[in-house]
Amino acid sequence: MSGEQAIVRVRDVMTQDYGMVDGLTTIREALDIFKARDASVLIINKRHDDDEYGILLISDIAKQVVAKNRAPERVNVYEVMAKPVVAVDPQMDVKYCARLFDSFGLSTAPVIQEGAVMGVISYNEIVLEGLRL
């Protein structure tokens with residue numbers, strides 16, 4: 001036995017724990033989608049081929065809507081989301097994904113392959129699933 005540790009790739013631990021919405025969706029509608037899908041993140045669709053994906057976390061809503069006492073039915077997702085997203089390739093080793101998160105101050109990222117969202121990855125999956133394999 002060589003003692004080498006098997007590589008755990010992002011695709012092995014990513015989840016489908018996300019929803020897809022349009023940037024014009026209201027925060028109220030986004031909250032309904034978070035609840036209905038039991039999602040931890042929403043990915044905002046591209047408007048056209050030359051656009052980029054966006055991302056919306058519950059913490060973004062807390063900081064930019066709740067803390068500022070804004071009405072969720074009067075705020076659109078595009079006003080709160082982060083765009084463009086830092087995406088992760090499904091082939092990436094999870095240890096490098098963790099380093100990428102640390103370098104850019106991320107906690108969650110979409111997994112994108114050939115321009116399509118395949119899933120999402122967060123520190124939860126990296127640690128709780130990645131270290132178990």
Joint hydrophobic cluster, [X] plus [Y], side-chain heavy atoms closer than 4.5 Å:
| X | Y | answer |
| --- | --- | --- |
| Tyr78 | Leu56 | yes |
| Tyr96 | Met14 | yes |
| Ile61 | Val41 | no |
| Tyr18 | Met118 | no |
| Ile112 | Val88 | no |

Can you name the nearest heavy-atom pair linking [X] to [Y], along with the distance?
| X | Y | value |
| --- | --- | --- |
| Asp12 | Ile7 | OD2-O, 4.4 Å |
| Asp89 | Gln91 | OD1-N, 2.7 Å |
| Val80 | Val65 | CG2-CG2, 3.9 Å |
| Ile55 | Ala109 | CD1-CA, 4.5 Å |
| Glu79 | Gln64 | O-OE1, 3.6 Å |
| Leu57 | Ser40 | CD2-O, 4.2 Å |

Self-check item: From Thr26, Val66, Ile27, residue fulfilling side-chain contact (heavy atoms from CB on, under 4.5 Å) relative to Pro72
Solution: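 That would be Ile27.
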Exercise. Sort out for me which residue in Val13, Val10, Val117 forms a side-chain contact (heavy atoms from CB on, under 4.5 Å) with Val111.
Key: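 Between Val111 and the candidates, side-chain contact (heavy atoms from CB on, under 4.5 Å) is satisfied uniquely by Val10.
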Point-to-point distance, once rounded to the nearest 0.5 Å, from [atom1] of [X] to [atom2] of [Y]:
| X | Y | atom1 | atom2 | result |
| --- | --- | --- | --- | --- |
| Tyr53 | Asn45 | OH | CG | 6.5 Å |
| Asn124 | Thr15 | CG | OG1 | 9.0 Å |
| Lys46 | Met20 | NZ | CE | 9.5 Å |
| Lys68 | Lys63 | NZ | NZ | 11.0 Å |
| Asp51 | His48 | CG | NE2 | 4.5 Å |
| Ile126 | Thr108 | CD1 | OG1 | 9.0 Å |

Self-check item: Set of residues satisfying ring-ring contact (aromatic ring centres under 6.0 Å, His included) with respect to Phe101, sequence neighbours excluded
Solution: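 Applying ring-ring contact (aromatic ring centres under 6.0 Å, His included) to Phe101 gives Tyr123.
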Quiz item: Considering residues at least two apart in sequence or located in another chain, which fulfil the salt bridge (Lys or Arg N to Asp or Glu O under 4.0 Å) criterion with Arg99?
Solution: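 By the salt bridge (Lys or Arg N to Asp or Glu O under 4.0 Å) rule, Arg99 matches no residue at all.
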Quiz item: Are any of the side-chain heavy atoms of Leu100 and Val86 separated by less than 4.5 Å?
Solution: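 Contact flag for Leu100/Val86 side chains = yes.
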